[in-house]
Amino acid sequence: MKNLELAWILAEIGDLLELQGENPFKVRAYRRAARAIELLPEDIEAVWRRGELGRIEGIGKALEEKIDEWLSTGVMTYYEELRRQLPPGLRELTRVPGVGPKLAQRLYQELGIRNLDELEAACREQRLRHVKGLGARSEENILRGIERLRRQMERFPLGLALPVAQQLVRALAEFPSVQRVAIAGSLRRGRETVGDVDIVASSADPASVMDEFVRTPGVEQVLARGDTKASIVLKMGLQVDLRVVRDDQFAAALHHFTGSKEHNVALRELAQAKGLKISEYGIVRVDEGEPLAVATEADVFAAVGLPCIPPELREDGSEIAAAREGRLPALITLGDIKGDLHVHSEWSDGLHSIEAMALAARERGYEYIAITDHSPSLSVARGLDPSRLEEQLEEIARLNRRLDGIRILTGCEVDILRDGSLDLPDEILARLDVVVASVHSAMNLDEAEMTERIVAAMRNPHVDIIGHPTGRILGRREPYAVDMERIIAVAAETGTCLEINASPDRLDLKDVHARWARERGVMIVINTDAHSTDGLDQMAYGVTVARRAWLGKADVLNCLSWPELKARLKDGRR
DNA sequence: GCCGTTTTCGGCCCGACTGTTTTCAGTCG
């Protein structure tokens, strides 16, 4: 699977061309192509073998030739040549806030600066102020930018940024001159990590809102403060941008700042072709200069003849083509979820009793909840051996007789051992309603071994779900080496479901993989892997990932009622 | 570089903020 590698190369070509001062539209063409390939719902090599590279939106003759060369020989000559023409560290200079391609190029030409370290030294030695257009202020800003870059190289996970952003929004909403306020940007689109937080507000007195905003508790630095726009950095390192507009401009501004950039560009091109101009202030007819009324985001789309595109789909612009052709999916919502099929109780490493978990599920309006405690090899988690599991089945039977309004399903999260076998016998698994199989050990196998290990588990006639299929922990542990194409193919063949683990540390499967799985007819299940009653609330994160994967409720196992679900589970079909 | 029920050539989104160059380019989203 070379999609991501190719996307990375094309994006780098875009950056290198930009550093060389190439035609900006050529730069954009490479970036668009990179994005298209990154989000492509199948293996680029398969498309190539069919001779259909040119049918990918954004790939024309020139790019097709370069990709063909790269896939046939492993080398892209054009890329190699570009890399030779510029020092390798130059590209990272543009990661410093305030340093773009033009400045990076001049710093290289005039001061011989080739990387971050040299830029930092030049600032400290006050050599930048001798470059035309730069002064002492620029040196300070660049130094601060380098420091931030070094301290916080990673993006912030959704699960960390969202609560912070919600808190800020609540605080702004209470400010008297604020009329409306909402989260925008990549956070609203539900991306798994975000570089910053964007907030849009409406007010008749923007200056007062700016004053209030830059005094937010926990502000470490004010990066910019204009009449209607300000940027701050919180002590935790998270940057927050606020934009304030008039209340009648709020919907247009919300759409604009939700992005993505590529989505906005594509939508505005479409608008332009219809004689309209879309900006964050609204929509105007170019010939008359007359503004159109925009009360909601749906009005923005309606102006160019499109149905409203949900924020989670606004990524590379291909969603606009889908909308034009009536191919937008009816996305799953949290309300469609009928139960959670992967939770832990105090019987293994969970915090709460089975009854407490069941009542918490009932409170959330669920029809069922599966108790899937660990299996014996996970001794640190007090995994259940067959006899304790036996006791648990009796306990669940008792609770089911006693509790109304919620059905407790029996289950377990069984370990997939190094050789692909499971650490509970088939006779036991056969008696459970739901079997989740997961990898928790020997995570450093090579790709072939790890893939076959998981494939073996999927071929077990009792395994319904593969839990957190790539094992990643955001920001802490890389996914294990696994051939996702093959996992998806075998899942389709065996009727095994793949999990979107909703824990914000995991979000595993991720959006792109879940989208591939759906397109191959694999059923997805969204589970929280909750270890406490509160953990059940993380379902919302999983639903966000599913929406980004274009899933509807028909694609998701736990949107089924219990009778439907039973009929879909492997043992239930017998 | 790509793309085409206005176009196979000539387009390719739109505006705020910063620093500093007295009039705007570069950067950012």
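Below, read A as the first sequence line, B as the second, and so on, with proteins coming before strands; counting in each chain starts at 1.
- Using P as the reference atom, B:dC13 and B:dT18 are 25 Å apart when rounded to the nearest Å.
- Using a cutoff of 4.0 Å between basic side-chain nitrogens and carboxylate oxygens, A:R35 and A:E262 are scored as salt-bridged.
- To the nearest whole angstrom, the two P atoms, one in B:dC14 and one in B:dC9, are 25 Å apart.
- Nucleotides B:dA16 and B:dG11 have their C1' atoms positioned 26 Å apart, rounded to a whole Å.
- Using P as the reference atom, B:dT7 and B:dC12 are 16 Å apart when rounded to the nearest Å.
- Across the C1' atoms, B:dA25 and B:dT21 are found 9 Å apart, a figure rounded to whole Å.
- When both distances must be under 3.5 Å, the Watson-Crick or G-U wobble mate of B:dC9 is B:dG4.
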Scoring nucleotides 20-29 of chain B by protein non-hydrogen atoms under 4.0 Å (B base, S sugar-phosphate only, - none) yields SB----SSSB
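- B:dT27 and B:dT20: their P atoms are spaced 14 Å apart (whole Å).
- Counting non-hydrogen atoms under 4.0 angstrom, A:R243 reaches the backbone sugars and phosphates but no base.
- In this structure, the separation between CG on A:D198 and OG on A:S186 is 6.5 Å, given to the nearest 0.5 Å.
- Residues A:T333 and A:D336 bring a donor and an acceptor atom of their side chains to less than 3.5 Å of each other.
- The shortest distance between side-chain heavy atoms of A:H255 and A:R314 falls below 4.5 Å.
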For every nucleotide of nucleotides 1-12 of chain B, 5' to 3': is a protein heavy atom under 4.0 Å from its base (B), only from its sugar-phosphate (S), or from neither (-)?
BSS--B-----B
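- A:T228 comes within 4.0 angstrom of the backbone, heavy atoms only, and of no base.
- Between atom CG of residue A:L111 and atom CG of residue A:L128 there is a gap of 6.0 Å, rounded to the nearest 0.5 Å.
- Between A:E140 atom CD and B:dG19 atom C1' the separation is 12 Å, expressed in whole Å.
- Spacing between atom CZ of A:R225 and atom P of B:dG19 amounts to 14 Å, rounded to whole angstrom units.
- Judged by a 6.0 Å distance limit and a 45° cone about the ring axis, A:R83 is not positioned over the six-membered ring of A:W8.
- A gap of 12 Å separates the C1' atoms of B:dC2 and B:dT8, to the nearest Å.
- Using C1' as the reference atom, B:dT22 and B:dC28 are 24 Å apart when rounded to the nearest Å.
- Using a cutoff of 4.0 Å between basic side-chain nitrogens and carboxylate oxygens, A:E319 and A:R189 are not scored as salt-bridged.
- Side-chain polar atoms of A:S318 and A:E57 form no donor-acceptor pair below 3.5 angstrom.
- One interatomic measurement links the two molecules: NE2 of A:H263 to P of B:dC14, which rounds to 14 Å at whole-angstrom precision.
- Put simply, A:N141 has no side-chain N or O that comes within less than 4.0 Å of OP1 or OP2 on B:dT18.
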I'd like a table of donor-acceptor pairs (distance under 3.5 Å, sequence neighbours excluded) in which one partner is a side-chain atom from residues 158-171 of chain A, with atom names and distances.
from	atom 1	to	atom 2	distance (Å)
A:Q167	OE1	A:R170	NH2	3.1

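- Ion pairing between a basic and an acidic side chain is recognised when a charged N comes within 4.0 Å of a carboxylate O; A:R150 and A:D117 show such pairing.
- A:I232 places its CD1 atom 16 Å from the P atom of B:dC17, with the value rounded to the nearest Å.
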